[in-house]
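In what follows, every chain begins at residue 1, and chains take the letters A, B, ... in the order their sequences are listed. All values below were derived from every heavy atom in this structure, side-chain atoms included, with hydrogens, water molecules and symmetry-related copies excluded.
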There are 2 protein chains.
Amino acid sequence: MTSRPPRPRERGIPEATVARLPVYLRTLQALQDRGTLTVSSEDLASAAGVNSAKLRKDLSHLGSYGTRGVGYEVRYLVYQISRELGLTQDWAVAIVGIGNLGRALANYGGFGTRGFRIAALLDADPAMVGRRVASLDVGHIDTLEAVVRDKGVSIGVITTPAASAQAVATRFVGAGVSSILNFAPVVLNVPDGVDVRKVDLSIELQILAFHAQRRNGDEGHGAEPAGLELT
Amino acid sequence: MTSRPPRPRERGIPEATVARLPVYLRTLQALQDRGTLTVSSEDLASAAGVNSAKLRKDLSHLGSYGTRGVGYEVRYLVYQISRELGLTQDWAVAIVGIGNLGRALANYGGFGTRGFRIAALLDADPAMVGRRVASLDVGHIDTLEAVVRDKGVSIGVITTPAASAQAVATRFVGAGVSSILNFAPVVLNVPDGVDVRKVDLSIELQILAFHAQRRNGDEGHGAEPAGLELT
DNA sequence: ACGCGCTTGTGAAAGCACGCACAAAGTGGG
DNA sequence: CCCACTTTGTGCGTGCTTTCACAAGCGCGT
């Protein structure tokens with residue numbers, strides 16, 4: 001166990017790198033499906049939409065898996081990135097809030113692509129509980145703790161209205177879930193050690209609007225309607 | 001024009017700040033709904049989940065809208081951030097790909113919260129075209145250019161399968177749309193000047209998995225099954 | 001009118017992230 | 001066997017982000 005001189009992967013991969021690894025992985029899998037055996041950093045970077053130096057530096061954090069003069073072996077790299085991301089094991093996911101978005105996620109095939117398995121769907125609405133969505137019976141939110149325990153849920157997805165999100169997050173944490181993906185438009189308050197990532201459609205649109213406005217010269221509407229100070 | 005000593009807002013708000021402004025805005029609106037009139041950077045920062053110094057620096061990029069010793073006037077700040085983000089004008093959004101996710105977005109009320117209006121839904125499937133979703137008739141993808149022109153669409157949302165996303169993006173760009181929100185799991189190739197933001201559920205899960213694995217000591221499953229080298 | 005307490009706005013320092021450019025290392029042809 | 005060519009891995013400079021710490025400013029009570 002301590003006999004490997006090159007020290008494969010350091011503890012401490014930059015966050016920015018971690019965020020790009022899934023993109024590389026997906027790109028590599030597309031290449032693999034097309035039968036490509038090896039790929040240069042230049043080609044992979046261009047397919048993944050990043051700078052080639054950045055890609056090489058990112059990969060160097062996992063160890064030296066390339067061959068100078070040749071490139072990277074696609075198959076091997078897919079394996080290494082998968083392992084680094086923890087996709088070689090199975091992750092049980094529970095979705096709370098089976099509204100439009102929750103149902104869309106439950107039915108979204110791409111979820112299970114690698115290692116993720118939807119283990120439970122929960123909702124607070126009695127009218128929804130018991131219905132069958134994506135081959136699963138919707139359970140009641142009150143069973144959250146039991147479901148987390150029995151199904152070994154380690155990732156919680158919140159697709160409830162904003163008002164209920166914090167309560168659900170707190171219950172998830174209490175039940176031992178320390179990875180949460182939040183689609184509700186609220187800032188979740190969780191203890192240290194719990195990892196929350198948010199996906200917020202409205203925020204993305206607002207960022208787009210900001211840049212669009214800037215591109216359009218910003219003017220439009222004659223720079224604030226002088227007098228509308230709102231004091 | 002050169003007579004203002006304090007120079008209100010510089011052209012060039014850091015990207016990191018822009019990404020946080022929507023969060024501040026939402027937090028402020030919640031405070032406003034609760035009847036709060038003024039708020040200190042400390043309180044607002046804590047509600048928004050950021051460091052108070054960061055919040056003050058962010059707001060300082062829009063100008064000096066606070067009062068020392070008191071804090072920020074909620075109502076005024078809401079207005080200033082809205083204006084900066086371009087939410088005082090109306091943005092027409094077109095959604096292409098009316099599958100589970102597209103329908104969920106179309107029905108998602110929070111969309112129209114501020115300035116965003118869903119102007120059109122398009123799909124390639126003849127069986128979907130003509131159906132009524134969220135009070136709109138689904139149009140055929142072939143009418144994209146006409147719809148963009150006639151409805152004044154300036155933001156395109158792509159919720160198609162990965163295979164079709166690039167083609168849709170290209171058509172959006174050709175039709176003059178230069179803000180795209182992409183939910184399909186592919187890297188879009190667009191010319192300079194076009195702003196693409198991506199929302200990728202699968203990537204978020206993978207990032208969560210990475211951190212979860214790291215928390216769990218990484219071990220689990222006895223460090224790679226020795227012999228599964230894949231060379 | 002004055003001073004005290006509170007809060008903003010911002011220099012300055014530390015930490016990250018990015019991308020260039022190049023040495024090191026491998027391949028293949030002659 | 002050697003040389004020319006390709007491609008990786010990385011040292012280094014640059015710019016952006018975050019955080020600290022504090023002076024300047026404002027309101028209130030006396």
Test item: [X] and [Y] side chains (from C-beta on) under 4.5 Å apart, heavy atoms:
X	Y	answer
A/Ser202	B/Arg26	yes
B/Ile180	B/Arg197	no
B/Ser41	B/Ser52	yes
A/Pro191	A/Val173	yes
A/Phe116	A/Asp90	no
B/Leu144	B/Val96	yes

Open item on the list: Can you list everything that forms a salt bridge (charged side-chain N to carboxylate O under 4.0 Å, His left out) with B/Arg20? Sequence neighbours excluded, please.
Closed with: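 With neighbours one apart ignored, the set is B/Asp58.
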TODO: Apply salt bridge (charged side-chain N to carboxylate O under 4.0 Å, His left out) to B/Asp195 and list each qualifying residue two or more places apart in sequence or on a separate chain.
DONE: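 With neighbours one apart ignored, the set is empty.
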Open item on the list: Walk along nucleotides 23-29 of chain C from 5' to 3' and tag each nucleotide B, S or - by protein heavy-atom contact under 4.0 Å, base first, then sugar-phosphate.
Closed with: -BBSS--
Open item on the list: Is it the case that the ring center of A/Tyr76 lies less than 6.0 angstrom away from the ring center of A/Tyr65?
Closed with: yes
Rounded distance in Å - [atom1] ([X]) to [atom2] ([N]):
X	N	atom1	atom2	result
B/Arg56	D/dA24	CZ	C1'	13 Å
B/Leu59	C/dT10	CG	C1'	13 Å
B/His61	D/dT18	NE2	P	10 Å

TODO: For the pair B/Glu42 and B/Arg56, find out whether any cationic side-chain nitrogen is under 4.0 Å from an anionic carboxylate oxygen.
DONE: no
Open item on the list: With nearest nucleotide decided by heavy atoms, which residue, A/Asp58 or B/Val39, maps closer to the 5′ end of DNA chain C?
Closed with: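 Counting from the 5' end, the first nearest nucleotide belongs to B/Val39.
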- [ ] Please list residues of residues 40-51 of chain A whose heavy atoms come under 4.0 Å from any atom in DNA chain D, ordered by number; otherwise none.
- [x] A/Ser40, A/Ser41
Open item on the list: As a quick check of understanding, evaluate side chain to side chain contact (heavy atoms under 4.5 Å, CB included) for A/His211 and B/Ser179, giving each step before the final call.
Closed with: CA-CA 8 Å; A/His211 292 299; B/Ser179 300; 6.0 Å; no
Close N or O pairs between protein and nucleotides 28-30 of chain D (under 3.5 Å):
none

- [ ] Using side-chain contact (heavy atoms from CB on, under 4.5 Å) as the criterion, point out the one residue from B/Thr38, B/Leu37, B/Leu44 that pairs with B/Leu31.
- [x] B/Leu44
Open item on the list: Whether the B/Thr36 and B/Gln32 side chains hold a donor-acceptor pair (N or O, under 3.5 Å, no angle test) is what I'd like checked.
Closed with: no
Open item on the list: Please determine whether a side-chain nitrogen or oxygen atom of A/Tyr72 lies at a distance below 4.0 Å from atom OP1 or OP2 of D/dG9.
Closed with: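 Indeed, a polar side-chain atom of A/Tyr72 lies that close.
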Please enumerate all protein N or O atoms sitting under 3.5 Å from an N or O of nucleotides 12-17 of chain C, with distances to 0.1 Å.
{"from": "C/dA12", "atom 1": "N6", "to": "B/Lys57", "atom 2": "NZ", "distance (Å)": "3.0"}

